[in-house]
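Working notes, structure below.
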Amino acid sequence: MTAQKKIVVLVGNCQSRAIENFLKRLPDFDARHEVARFRTFQVGEAMGLSAQLAQEKARLKDYVAANKKRISLFIRQKTHGWFDDGLTESSLGKSTEIIEYPACLLNYIWPLSAHGPDRYAANRYQARYLPFSIMDREILNLREQNLSEKEFLARYMEIDVVRKYKVDRLKRLNEIKGEQVDANATFPIWPFISQNMNLVQLFRTENHPNGPLLAEILRQIKLHSRTLQDVEGYDAAVDVMRNSYGIGPLEAPVHPSIAEHFNLSWAKDRKFSFWGYMDLTFEEYALKLYRLDVDEEYQRALEMSKSDLPEALKLLHQAAARNPHVAHFKDLGLKWLRNEMLRNPSFKLAVASVRKGEVAEAAAFMERAARDLPHNNTAQEYSALYRRRLDAHIRKRLSEFMEAEGKGG
Amino acid sequence: MTTYADVFPRLASIISEHFAYDIRKISDETTAPQVLGWDSLAHTIIIMKIEDDFEIEFPDDFIFKVRNVGELARKIVDLKE
């Protein structure tokens with residue numbers, strides 16, 4: 001009889017999800033363990049998910065009770081103490097290892113962040129859809145003054161962010177929090193953050209660690225765990241993580257004066273990734289936010305694209321009509337383009353021509369199909385970004401048809 | 001002399017404005033998790049706003065151990081003395 005797999009339980013936010021993904025991708029670990037992850041953390045509370053989190057706590061409690069003997073490792077994200085998962089050591093089996101890793105959240109290099117419900121109207125839907133997870137409170141204020149983009153940028157860059165937002169005090173508050181969380185965790189992380197903050201990018205946003213920081217968390221977790229000691233490939237995967245971009249494609253831009261004040265060498269004179277497909281200078285990023293390039297319909301469409309693409313596409317078109325500068329989300333954009341192409345009569349004619357062996361006509365229909373994409377801003381910008389990839393995709397599809405039909409040449 | 005009665009309404013007003021939270025719901029027993037958006041990062045910002053407004057500086061060992069709005073108000077009274 002095959003032995004049942006041992007279980008590793010993870011409790012925490014997206015940082016725990018990153019650990020879950022890391023472990024699941026290790027074949028040796030995956031062959032011997034199952035992973036169960038539960039969310040009980042402060043950002044969820046902040047997003048108004050209290051009811052769901054209460055259910056999640058109950059689900060965790062039931063799960064642990066039902067699987068007590070199989071849980072070999074319990075990895076909990078440790079926060080500063082306002083939120084807990086409701087489990088005590090006695091809830092777990094005697095042989096279960098418990099590792100509490102410090103939650104990594106830091107905001108002193110982003111003092112302008114309007115993350116979370118604040119006093120701004122835009123946050124009403126930020127709370128729900130997070131379209132402005134990197135929104136900036138000064139930009140929101142300046143938007144109310146109906147400035148031209150040039151005036152906005154001049155006014156915005158004149159703000160003495162370091163003094164106005166007392167970033168040294170904010171840094172101290174971050175340190176106090178970090179040290180307190182460390183004191184209650186299995187291992188500290190703040191010393192690593194303090195020592196490396198100037199030299200290496202450790203955070204992509206306030207609550208998204210970059211590769212080097214995630215790698216350090218993973219290294220420490222293994223160091224303190226018997227269960228993970230003999231997992232083949234663990235250390236090599238940590239090295240890969242160290243050179244990756246950690247969690248999420250989004251990168252919050254660091255204000256040039258903040259980079260200078262804290263001597264953040266990695267943040268000076270560089271561009272920041274916007275959802276992983278576009279790199280922008282701080283000023284370009286600020287303009288994008290000023291234009292509200294990510295709007296509500298887009299955000300809802302992004303969410304909806306996972307479950308209902310036709311409805312998502314409707315929203316996408318509404319967003320394009322309302323805001324000619326709408327932002328693009330790589331995956332959604334590609335799905336949308338693909339969908340548009342598949343519905344495109346010219347593309348269908350191109351395929352039909354290929355089937356008949358009419359290669360020249362097929363190529364002409366294919367060109368027309370690419371040209372016929374809707375001529376709104378979104379389509380045009382997407383096509384500029386992805387035209388080559390799309391053309392290559394279509395040509396590949398055509399050649400596959402030709403080969404399958406034995407009419408290649 | 002600054003009293004609790006002086007401090008509490010001002011403190012409640014700062015919290016209410018910052019989190020767009022109904023001021024009538026704020027009592028001395030209100031805790032951070034009850035207020036939408038009051039997570040640990042927002043806590044650093046609200047603490048700075050309170051420090052600015054009352055011209056005080058909270059001691060390090062108090063800032064993340066405070067349990068409710070009443071404790072915050074009482075600490076402000078102490079620091080103003």
Side-chain angles (χ1 to χ4, degrees), chain A residues 13 40-50 53-54 78-84 102-108 110-124 126-128 137 164-181 183-184 205-207, chain B residues 9-73 75-76 78-80:
Chain A
N13 68 359
T40 49
F41 66 101
Q42 66 266 46
V43 177
E45 296 276 359
M47 294 301 112
L49 301 172
S50 301
L53 288 174
K78 198 72 186 167
T79 66
H80 63 293
W82 286 339
F83 306 93
D84 69 71
C104 294
L105 300 106
L106 174 148
N107 65 349
Y108 75 86
W110 293 290
L112 297 170
S113 169
H115 183 84
D118 207 319
R119 63 192 172 90
Y120 305 102
N123 286 317
R124 280 203 302 273
Q126 172 175 312
R128 185 164 174 198
R137 64 191 69 226
K164 184 174 178 181
Y165 286 90
K166 299 182 178 174
V167 293
D168 291 318
R169 177 65 179 152
L170 187 56
K171 183 184 179 194
R172 180 64 197 137
L173 294 177
N174 278 231
E175 283 169 353
I176 294 167
K177 182 165 78 73
E179 287 161 3
Q180 187 195 317
V181 173
N184 295 307
T205 68
E206 291 174 329
N207 47 14
Chain B
R10 211 163 121 193
L11 176 62
S13 167
I14 296 169
I15 294 166
S16 167
E17 188 191 348
H18 186 75
F19 293 110
Y21 189 74
D22 187 346
I23 197 164
R24 291 166 301 182
K25 291 184 184 171
I26 300 176
S27 74
D28 53 1
E29 291 178 358
T30 299
T31 62
Q34 291 169 353
V35 179
L36 183 66
W38 196 340
D39 59 20
S40 68
L41 292 179
H43 190 64
T44 59
I45 303 293
I46 194 78
I47 283 289
M48 285 181 65
K49 280 192 177 178
I50 296 166
E51 288 184 340
D52 280 353
D53 194 270
F54 288 97
E55 296 179 317
I56 53 165
E57 188 169 301
F58 290 110
D60 292 359
D61 62 358
F62 170 80
I63 293 166
F64 287 93
K65 288 184 179 160
V66 58
R67 287 173 300 183
N68 54 43
V69 175
E71 279 190 6
L72 260 179
K75 181 57 82 178
I76 295 167
D78 290 349
L79 292 168
K80 291 299 279 183

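Letters A, B, ... are given to chains in the order of the sequence lines, protein chains preceding strands, and every chain is numbered from 1.
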- Between the CZ atom in A:R172 and the CD1 atom in B:I47, the distance rounded to the nearest 0.5 Å is 13.5 Å

- Item | Neighbour count >12 (heavy atoms, 6.0 Å) for atom NZ, B:K80 | yes

- Task: Using a 4.5 Å cut-off on heavy atoms from C-beta on, say whether the side chain of B:I63 contacts that of A:Q180.
- Result: no

- What pair of heavy atoms forms the shortest contact from B:M48 to A:Y165, and how long is it? CE-O, 3.2 Å

- Query: Is there side-chain contact between A:N107 and B:I45, with heavy atoms separated by less than 4.5 Å?
  - Reply: yes

- Item | Gap separating the NZ atom of A:K171 from the OG1 atom of B:T44, nearest 0.5 angstrom | 14.5 Å

- Item | Set of ring-ring contact (aromatic ring centres under 6.0 Å, His included) partners for B:Y21, sequence neighbours left out | none

- Query: Under 4.0 Å between a Lys/Arg side-chain N and an Asp/Glu carboxylate O for A:K166 and B:E51?
  - Reply: no

- Message: Nearest 0.5 Å, please: how far is CG in B:D60 from CG in A:L173?
- Response: 8.0 Å

